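All remarks here apply to the structure that follows.
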Amino acid sequence: MIDEKDLKCFCERVEKSETWTQEAWSKIFVEEKYVYSQKNVEPYMTADTIWDIFDEDLVWFDFEEDELDYFPDCYRIYENNKGKLLSEMDLDDKQKIYFCGYLDSISDERFLSAEQIKAYRKYLDELIGSGNEWAIKKKAWGCYGGNRLLECDWKEAERNLLKMYELDIDRYAAANALGYIYYSNRLGEPDYGKAFRFFSEAAKKKVTQATYKMADMYRKGHGTEKDVDKAFKIYKRLYNKEIKDYEEYGFGENIADIALRLGYCYENGEGVKQNLKKARQYFLKAKESINRRLKHGGAYGDDVVYNNIQKALERTKEG
């Protein structure tokens, strides 16, 4: 039966680089039953919390490649913060990253307490305040639609996406997301000028979503001069590029979105001669693709895409 003393001993041996093996310690931690403390339970930082971290991570930890101070650092968090609420712990930036990263790894929100979520948000904001790029990305993408640890907050998403863009952290993915925020009324009113600027920036680096959204703006004359011919050519080029992988591998991330737009062009005679039969063919391809995408879990906004496809098929139904 291993207990808190064993946890401490393990960390001391790791830190002193004494001879030991991953296999031996993994066997001890995974197969032996840990003596859980019954006095302190969530939301306090307990030896149980440390045990859970070690028990989960030891199996996957590569002691030749990963930093060996990971486990001692985790244990020091516990030793220095016994009895404190998670959101009141005294952590340095590295330990805040360890802590937030651990909560990120918990995929089922049922296993996250209100105190854990409160602590995660606090430490993430403190890391952002010190300019930590990892935290900036987490806050940007977490607030972009929301997740189990962060609520949807488009203003916060914009603020941190702009930081990503300015600091060149996944710059063009950030530009695409900013274009979406400005185009889709997420801040109250659309700003087509900013949307077109950011979509165009990302499109230069061949970000597919940004490219077809830029084409949308040409087709509708939003933020730029209306040019349906240019829009159609962009859609067609993207479709021809992506349909090869779709037909060969059965899955294409953007085919549903692009096929839907090509269908609109044929339905309304935008950039091409009106052809309702051909429009329906593209709408059917879009439906086939979105169904496959939803089968694999889908993505944010796929319900809207699905509904738009259904409406398009109803408008162009045969007979």
Side-chain angles (χ1 to χ4, degrees), residues 1-4 6-8 10-11 22 25-62 66-67 70-128 132 134-153 156-157 160 294 296-300 302:
M1 304 288 285
I2 61 174
D3 56 21
E4 185 179 337
D6 295 311
L7 293 176
K8 185 174 183 179
F10 164 66
C11 292
Q22 175 186 357
W25 277 106
S26 296
K27 182 178 177 65
I28 291 171
F29 278 80
V30 174
E31 294 184 5
E32 295 293 335
K33 185 177 180 181
Y34 177 65
V35 181
Y36 279 85
S37 163
Q38 298 299 319
K39 295 180 180 179
N40 293 324
V41 294
E42 259 287 309
Y44 296 97
M45 187 70 175
T46 67
D48 301 351
T49 313
I50 297 300
W51 159 251
D52 288 339
I53 294 173
F54 288 2
D55 185 31
E56 180 174 321
D57 291 351
L58 261 173
V59 177
W60 308 106
F61 198 82
D62 187 337
D66 297 330
E67 296 180 21
Y70 171 81
F71 295 104
D73 271 352
C74 286
Y75 191 79
R76 270 192 290 273
I77 294 174
Y78 162 67
E79 273 200 321
N80 295 337
N81 295 281
K82 288 182 181 179
K84 292 182 180 179
L85 290 169
L86 293 175
S87 60
E88 296 172 351
M89 295 191 299
D90 181 23
L91 307 178
D92 60 29
D93 282 359
K94 187 175 184 180
Q95 291 168 342
K96 289 172 186 175
I97 293 173
Y98 280 146
F99 178 77
C100 291
Y102 173 63
L103 293 187
D104 265 324
S105 71
I106 301 175
S107 58
D108 192 331
E109 61 185 14
R110 293 176 299 174
F111 298 110
L112 290 166
S113 70
E115 178 65 19
Q116 285 177 320
I117 294 171
K118 178 181 177 182
Y120 178 90
R121 293 174 180 177
K122 177 188 175 185
Y123 296 135
L124 203 64
D125 284 341
E126 290 174 355
L127 287 166
I128 291 170
N132 183 271
W134 178 87
I136 292 170
K137 285 179 63 175
K138 285 292 177 183
K139 188 69 178 284
W141 295 124
C143 290
Y144 188 84
N147 61 23
R148 62 193 180 283
L149 289 162
L150 293 166
E151 294 178 348
C152 178
D153 187 328
E156 276 297 303
N160 286 282
L294 290 169
H296 286 82
Y300 180 79
D302 274 357

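The basis for the numbers below is simple: all heavy atoms, side chains too, and nothing from hydrogens, waters or symmetry mates. Please read all numbers here as calculations on a predicted model, not as lab measurements.
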Quiz item: At what distance, to the nearest 0.5 angstrom, does OG of Ser107 lie from CG of Leu112?
Solution: 9.0 Å

Quiz item: Counting only N and O atoms by type, is there a donor-acceptor contact under 3.5 Å from the side chain of Glu151 to the main-chain atoms of Gly146?
Solution: no

Quiz item: Hey, what do you get for CG (Asp6) to SG (Cys11), rounding to the nearest 0.5 Å?
Solution: 11.0 Å

Quiz item: Between CD1 of Ile136 and CG of Leu127, what distance do you get to the nearest 0.5 Å?
Solution: 10.0 Å

Quiz item: With a 3.5 Å cut-off and no angle check, do the side chains of Asp153 and Tyr144 form a donor-acceptor pair?
Solution: no

Quiz prompt | Approximate separation, where rounding is to 0.5 Å, of Trp134 CH2 and Lys96 NZ | solution = 12.0 Å

Quiz item: If you take all heavy atoms of Leu86 and Glu115, which pair is closest and at what distance?
Solution: N-OE2, 3.3 Å

Practice problem: Using modelled atom types only, decide if a donor and an acceptor are shared between the side chain of Asn81 and the backbone of Ile77 within a distance under 3.5 Å. | Solution: yes

Quiz item: Rounded to the nearest 0.5 Å, what separation is found between the CZ atom of Phe10 and the CZ atom of Phe71?
Solution: 5.0 Å

Practice problem: With rounding to the nearest 0.5 Å, note down the distance linking CG in Leu124 to CD1 in Ile128. | Solution: 4.5 Å

Quiz prompt | Derivation and outcome, side-chain contact (heavy atoms from CB on, under 4.5 Å), residues Leu91 and Tyr98 | solution = CA-CA 10 Å; Leu91 307 178; Tyr98 280 146; over 6 Å; no

Practice problem: May I ask you to check whether Tyr75 and Tyr78 place their ring centres under 6.0 Å from each other? | Solution: yes

Quiz item: Is a side-chain N or O of Asn80 found less than 3.5 angstrom from the main chain of Arg76, in a donor-acceptor match?
Solution: yes

Quiz item: Does any N or O in the side chain of Asn160 come within less than 3.5 Å of the main-chain N or O of Ala157, such that one atom is a donor and the other an acceptor?
Solution: no

Self-check item: Closest heavy-atom pair and its distance - Phe99, Tyr123
Solution: CD2-CD1, 3.7 Å

Quiz item: Any donor-acceptor pair under 3.5 Å linking the side chain of Lys122 with the backbone of Ser87?
Solution: yes

Quiz item: Knowing that exactly one of Lys139, Lys137, Lys138 qualifies, which makes a salt bridge (charged side-chain N to carboxylate O under 4.0 Å, His left out) with Asp104?
Solution: Lys138

Quiz item: Under a 4.0 Å N-O cut-off, is there an ion pair linking Asp108 with Arg148?
Solution: no

Exercise. Taking all heavy atoms of Asn147 and all of Leu149, pick out the closest pair and write down the distance.
Key: OD1-N, 2.9 Å

Exercise. Apply side-chain contact (heavy atoms from CB on, under 4.5 Å) to the pair Gln95 and Met89, showing each step before the final yes or no.
Key: CA-CA 10 Å; Gln95 291 168 342; Met89 295 191 299; over 6 Å; no

